[in-house]
Amino acid sequence: MTLKYSDVAWDRDSRGDKVVIGRGAFGIVYTGALRGQPVAIKSEVLRAGEEGAWMRAAQLHMSAISPYIVGVRGIIVDLHDGTTTHYIVMEQLAGTMTARLLTPGGAYHDADLPLRLRLLENVAGGLAYLHSFNIIHGDVKPDNVLLSASKWPAAKLADFGSSVLRRAGTKTRETLVGERGTLVYMDPCLLDDSASLKTASDVYSFGIMAWQVLSGRIPYEAEMVAAAPATALEAERLLKAHVCGPSGKRPPVVALEERGVPQDVVALVESCWAPAQASRPVMAGVHRALQAAVVNAPLAYEWDNKQVLRGHSSTVWSLALLPGGVLASGDCDGTVRLWDAACGGEATAVLEGHGGWVYALAALPGSHRLAAGVKNTDSKTGGIVVWDTGVVPPTRCATIDCGSGVNALAVLRDGRLAAGCYAGRVLLVEVGADAGAVTATLEGHTWIVEALAVLPDGSLASGSGDSTVRLWDVDARVCIATLAGHTNFILALTVLADGRLASGSDDKSVRLWDVATRACVGALEGHADSVCALAALPDGRLASGAGKTIRVWDTRPAATATVDSGAAHATPVVVLEGHTESVTALQPLPGGRLASGSSDKTVRLWRLPTL
């Protein structure tokens with residue numbers, strides 16, 4: 001987008017001068033506002049012949065739509081007093097990784113290992129996105145990573161493209177041979193002209209930066225102090241000799257081990273700075289490895305008691321939690337949105353083109369793949385769409401025709417999917433790397449299968465519009481029990497921490513079942529509306545969504561009271577209010593949190609009170 005100079009409201013200091021927040025070799029960065037939103041404006045006065053390269057870099061940056069890359073709002077080409085100044089207008093962040101994380105006194109200088117890993121994962125995601133479009137950043141370093149202003153910041157890659165296209169090196173500006181970027185982080189293959197600039201050059205630079213972020217030390221600082229070069233040119237010569245060639249040296253990995261960096265992450269960093277470009281991993285693989293490294297780390301929530309996520313344009317029917325605290329939500333318009341559950345804010349990705357309502361979601365084990373169950377408005381047609389959310393941008397890797405609308409999904413113990421469908425069928429589905437197929441059908445229900453849950457022994461529970469819950473031996477493909485007691489549609493199923501099964505119904509009740517004895521051992525009543533969603537919490541409690549409210553029940557056996565009927569009853573510990581229409585989906589989050597979806601088109605995040 002081309003802007004006018006007057007479109008920007010420039011921040012001014014007490015003297016009336018523009019406020020400067022950064023200076024570099026190629027320009028000055030100012031602050032201001034564009035249409036009421038804070039922006040950073042980088043200005044450059046170009047030399048003859050540079051405008052074409054600058055425009056190409058700006059176009060590349062504007063086209064990069066990723067949560068891991070600084071967003072560009074537009075460009076300004078301003079002719080004033082015979083001088084043409086080029087401006088690129090970007091979202092405003094708090095500052096560079098160098099200033100905020102790596103400099104003593106910086107806002108995050110004392111950040112713990114989980115946050116440092118997460119920031120590196122963000123940067124890796126940005127590079128993976130660029131590389132997916134064959135774009136080489138060319139100058140990966142902490143100065144070119146910006147951090148958001150929050151308690152738990154996000155990292156975004158900045159200044160990509162321009163250094164590759166425009167930085168003067170040992171060759172011409174348009175060639176990809178010769179020195180590019182910043183010496184300390186530069187691929188040694190460019191220093192000794194043994195190879196040209198490739199995406200692997202970014203991988204090397206990322207490896208050096210990762211060592212710096214994780215160790216908190218400056219690369220090669222100790223080596224340079226020991227060598228005591230007399231001049232800057234001598235220091236440059238010594239550093240080149242230190243890193244180049246098959247036996248070139250790298251920063252000491254013992255510095256990472258001393259900081260408690262996991263061994264698999266240490267090995268990943270070492271692979272990034274391998275001497276040969278071909279020996280380095282692709283950035284998408286680095287990104288996936290870092291995502292895996294942060295999966296088991298506690299989420300550092302940026303919000304306290306509750307958060308509202310907006311962006312859906314219709315009812316949010318489904319929720320699922322992916323590794324790394326990524327929350328997926330699906331709606332009636334056929335859209336899935338991915339959110340950072342720790343930070344909230346805007347969706348990090350939007351997955352479209354499902355061809356119907358996304359009525360169910362399931363995270364596939366051992367990966368970042370997401371299965372979306374789709375049904376058309378007649379419920380009679382639909383299927384499963386599988387996405388790889390571990391790449392940037394997420395990619396659609398399989399579409400499976402189920403010959404019916406899919407209302408529910410569950411992941412079986414062997415990794416197969418179970419799909420609850422129209423006309424009372426449950427389909428068993430094999431999902432491969434880039435394809436899938438229905439391999440078996442379980443029949444017995446007489447109406448739509450609305451809910452599924454996998455029991456601790458590997459059997460499958462299905463809830464239907466015929467008001468029953470059926471238990472299945474999925475290997476033998478036979479129904480082994482039918483649980484009756486509800487008087488209307490079964491809309492939700494979940495397995496409690498102690499192995500009991502909970503079912504929610506259109507009859508406005510929740511029933512608890514002992515699956516061994518096939519008996520109803522509890523009834524949670526008092527809902528004024530259909531119970532559309534259930535979520536079992538790790539501490540033994542149960543959350544239920546009915547109407548506009550969420551009730552959290554203490555369903556631990558010791559907390560329930562037995563009445564004359566022999567069934568246990570309970571009262572809700574807490575009632576969560578905030579949604580303005582029916583609650584349609586629930587998903588537990590790590591650390592005693594809960595996500596909910598609703599017909600009011602929002603996803604809400606809640607912190608639950610402790611027992």
Side-chain angles (χ1 to χ4, degrees), residues 57 60-61 63-70 97 116-146 154-165 176 180-182 184-190 195-214 219 250 261 264-295 323-324 326 338 348-349 367-369 387-395 397:
L60 287 175
H61 200 162
S63 66
I65 309 300
S66 166
Y68 309 120
I69 292 175
V70 175
M97 178 179 277
R116 291 171 186 269
L117 285 171
R118 185 176 170 190
L119 294 174
L120 288 172
E121 183 267 328
N122 290 169
V123 179
L127 287 170
Y129 176 89
L130 294 180
H131 292 181
S132 72
F133 292 99
N134 298 313
I135 299 170
I136 303 168
H137 186 285
D139 196 13
V140 179
K141 59 181 180 180
D143 278 349
N144 283 341
V145 176
L146 300 182
K156 298 194 177 192
L157 198 58
D159 285 345
F160 75 88
S162 63
S163 61
V164 173
L165 295 171
L176 297 181
R180 301 282 170 165
T182 302
V184 168
Y185 308 93
M186 196 181 303
D187 183 355
C189 297
L190 304 181
S196 62
L197 183 70
K198 296 183 175 69
T199 54
S201 303
D202 282 348
V203 177
Y204 176 91
S205 302
F206 177 84
I208 300 298
M209 185 182 75
W211 181 89
Q212 184 175 1
V213 168
L214 296 173
R250 303 290 184 262
V261 177
D264 56 344
V265 176
V266 174
L268 178 70
V269 171
E270 288 185 288
S271 69
C272 288
W273 63 39
Q277 291 182 338
S279 299
R280 300 169 196 161
V282 297
M283 208 65 224
V286 175
H287 185 219
R288 284 193 295 269
L290 286 171
Q291 284 179 318
V294 301
V295 162
V326 176
L338 304 183
T348 60
S367 71
H368 293 266
R369 291 190 299 166
W387 295 85
D388 184 355
T389 67
V391 298
V392 181
T395 59
C397 51

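- A pairwise comparison of heavy atoms in Phe206 and Leu290 identifies CZ-CD1, 3.7 Å as the closest pair.
- With Thr348 contributing its side chain and Leu338 its backbone, the two residues share a donor-acceptor pair below 3.5 Å.
- Here Thr199 contributes atom OG1 and His131 contributes atom NE2; the two are 5.0 Å apart, rounded to the nearest 0.5 Å.
- Distance alone, capped at 3.5 Å, is enough to place a donor-acceptor pair between the Arg116 side chain and the Val213 backbone.
- Minimum interatomic distance between Val145 and Leu157 (heavy atoms only, all atoms of both residues): CG2-CD1, 4.1 Å.
- When all heavy atoms of Pro281 and Ser271 are compared, the pair lying nearest together is CD-O, 3.4 Å.
- Atom CG of residue Leu119 and atom CE of residue Met209 lie 9.5 Å apart, to the nearest 0.5 angstrom.
- For the atom pair Asn134 CG and Lys198 NZ, the distance stands at 13.0 Å (nearest 0.5 Å).
- Pro142 and Gln212 make their closest contact through CG-OE1, 3.6 Å (heavy atoms, listed as atom of the first residue, atom of the second, distance).
- The line from CG of Leu197 to CE of Met186 is 10.0 Å long, rounded to the nearest 0.5 Å.
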Quick one, Val266 with Leu214, criterion side-chain contact (heavy atoms from CB on, under 4.5 Å). Give me CA distance, side-chain angles, the key distance, then yes/no. CA-CA 10 Å; Val266 174; Leu214 296 173; over 6 Å; no

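- In this structure, CH2 in Trp273 is found 8.0 Å from CZ in Arg250, a value given to the nearest 0.5 Å.
- The backbone N or O of His137 sits less than 3.5 Å from a side-chain atom of Asp202, completing a donor-acceptor pair.
- Residues Asn122 and Ala155 approach most closely at OD1-N, 3.0 Å, considering heavy atoms.
- Using a 4.5 Å heavy-atom cutoff, the side chains of Val265 and Leu117 are in contact.
- In this view, Tyr129 satisfies the side chain to side chain donor-acceptor pair (under 3.5 Å) rule with no residue, not counting sequence neighbours.
- Contact of the Val286 side chain with the Leu120 side chain is not registered, since no non-hydrogen atoms from C-beta on lie closer than 4.5 Å.
- Not a single donor-acceptor pair under 3.5 Å links the side chain of Gln277 to the backbone N or O of Tyr204.
- Taking both residues in full, the closest heavy atoms of Ser201 and Ser196 are given as OG-O, 4.2 Å, listed atom of the first, atom of the second, then distance.
- The salt bridge (charged side-chain N to carboxylate O under 4.0 Å, His left out) analysis of residues 273-290, with sequence neighbours excluded, yields the pairs Asp187-Arg280.
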